[in-house]
Amino acid sequence: MTDLQVRKMRFAFADYDVPFLWNEENPAFSSMANAVSLLAIGFEKMIVNMIREAMPLITDPEVAEEADAFVRQEGQHSTAHRQHANALIRRYPGLQETLNEVIAEFDRLTVNTSVEYRLAYTADLEATFTPVFKLMLDNDATLFRPGDDRVASLFIWHFVEEVEHRSSALIIFDSVVGSDVYRMRMAPSIFRHVLKVIRLACVGFNKHVPLEERKVDALSMFANYRRGQKLRKWLPFLHAEDNGPMPRAFDHLPLGEQLVALAGIIRSQLPKHNPDHEKLPALADVWFERYEAGYDVSHWYTADAVAP
Ligand SMILES: [Fe+2]
Ligand SMILES: [Fe+2]
């Protein structure tokens, strides 16, 4: 029996304006998280279609139950990220075009690739989440706490549930496809696609959100772009388009923790990877305890003031 719980969550994005720069202390992280919001919508839409297609291929009832709970959690994430994205679009209408492009990238996968490929895609990408989100949640004091509490609470909820269902996609992949070799062979094209979609979102941010409000060149998270921009600035005849400053989201985090996350990403792609054995962020346990206790997790930091 699966332990996954489906939690409905709403974050009052319609109540008042949602800034693009939702954590003013870290424009690069604000922009990166906004890109994750757009990606989540397209990715989770693909997952819903994929599970529908894969369900008849799942013969083990326990795996089928896991797949059902997994897809329902992802459905809730997608709904909440849509509300976040809609709020951004209200303020920056051009972002509708960007969101459409991101969703279209995942729709193309649904139409053009096999269900085996999409199962590998989901298993590979989701396997990276626990080490990456651990780095972020372990450093919530700088990445989330100073930000808009609705946006911060959305990401914290999503990331702890990704940690909660960290094994699901791999369990489903193993039951339907069951080939580490296939998963590893597909990894380069899968991560090329992920980066392509993130880049698409960042190009849209540079295009549709004024620099005064985003305070960062959204593309600066890509090392090759950063190098190119520096070169272009040195060589004026290359006519570099200045899209703003190029800080990095995680520069202030302890190098050791960044390296642990990187090692975790690599480990997550190796054969026989078992996410059950991953080290988990302490904040995840706190979140589940508070949720059980009825704490208002949709206002993770501001509800503190009235918490018992
Ligand atoms: Fe999710
Ligand atoms: Fe997930």
Side-chain angles (χ1 to χ4, degrees), residues 2-16 18-19 22-23 26 29-45 47-48 66 68-88 122 125-169 249 261 275 278 280-308:
T2 181
D3 297 329
L4 297 185
Q5 258 195 66
V6 182
R7 305 174 185 88
K8 255 194 193 137
M9 215 66 77
R10 297 296 173 261
F11 298 92
F13 290 126
D15 285 7
Y16 54 99
V18 178
W22 61 271
N23 176 355
N26 196 331
F29 186 64
S30 293
S31 176
M32 179 190 286
N34 291 337
V36 168
S37 239
L38 300 197
L39 180 131
I41 296 168
F43 178 45
E44 288 165 348
K45 182 180 175 200
I47 290 177
V48 170
E66 181 80 20
D68 182 61
F70 167 67
V71 77
R72 287 197 293 135
Q73 272 199 347
E74 297 294 23
Q76 290 300 325
H77 301 164
S78 182
T79 304
H81 282 286
R82 265 182 197 273
Q83 288 164 357
H84 178 219
N86 286 343
L88 291 174
T122 309
L125 183 55
E126 295 247 332
T128 65
F129 287 167
T130 300
V132 173
F133 296 162
K134 177 172 164 52
L135 176 69
M136 295 186 193
L137 294 173
D138 285 352
N139 290 282
D140 78 296
T142 55
L143 295 177
F144 295 110
R145 185 182 283 275
D148 180 300
D149 200 26
R150 297 164 299 171
V151 182
S153 302
L154 162 68
F155 282 102
I156 291 174
W157 161 62
H158 190 170
F159 292 172
V160 299
E161 286 200 347
E162 289 301 325
V163 169
E164 186 183 32
H165 74 225
R166 64 192 177 280
S167 299
S168 302
E278 287 291 291
L280 306 183
L283 198 148
D285 273 343
V286 177
W287 195 96
F288 294 125
E289 276 165 26
R290 285 191 182 181
Y291 178 83
E292 287 304 324
Y295 182 90
D296 181 5
V297 290
S298 71
H299 295 88
W300 184 251
Y301 296 108
T302 49
D304 265 350
V306 288

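Note that the coordinates shown come from a computational prediction; the quantities given were computed from them, not determined experimentally.
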With heavy-atom distances below 4.5 Å as the criterion, would you say the side chains of [X] and [Y] are in contact?
X	Y	value
L88	W22	no
F159	L283	no
E278	P131	yes
R150	H84	no

Item to complete: For the pair F43 and F129, name the ring-plane relationship: parallel under 30°, tilted 30 to 60°, perpendicular over 60°.
Response: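 Ring orientation, 0 to 90° scale: perpendicular.
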
Discussion item. Is the distance from the ring center of F155 to that of H81 below 6.0 Å?
Written reply: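 Yes - the distance between ring centres of F155 and H81 falls below the 6.0 Å cut-off.
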
Discussion item. Is the distance between the ring centroids of W300 and F144 under 6.0 Å?
Written reply: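 They do not qualify: ring centres at least 6.0 Å apart.
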
Discussion item. Check whether R166 reaches the backbone of V163 with its side chain - one donor and one acceptor, N or O, closer than 3.5 Å.
Written reply: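 Yes: the side chain of R166 pairs with the backbone of V163.
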
Worksheet item: Does the N26 side chain pair with the main chain of L143, one donor and one acceptor, at a distance under 3.5 Å?
Response: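 Not a single qualifying donor-acceptor pair exists.
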
Item to complete: List the steps and the verdict of side-chain hydrogen bond (donor to acceptor under 3.5 Å, both in side chains) for H165 and E74.
Response: CA-CA 10 Å; H165 74 225; E74 297 294 23; 3.2 Å; yes

Practice prompt. Take Q73 and H77, measure what side-chain hydrogen bond (donor to acceptor under 3.5 Å, both in side chains) needs, and give me the verdict at the end.
Written response: CA-CA 6 Å; Q73 272 199 347; H77 301 164; 4.8 Å; no

Worksheet item: CG of D3: more than 12 outside heavy atoms within 6.0 angstrom?
Response: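 No, CG of D3 has 12 or fewer neighbouring heavy atoms, counting only those of other groups under 6.0 Å.
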
Worksheet item: Does a side-chain N-to-carboxylate-O contact under 4.0 Å join R7 and E161?
Response: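 Answer for the salt bridge query: yes.
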
Worksheet entry | Candidate pair Y301 and D148, rule side-chain hydrogen bond (donor to acceptor under 3.5 Å, both in side chains), full reasoning | CA-CA 9 Å; Y301 296 108; D148 180 300; over 6 Å; no

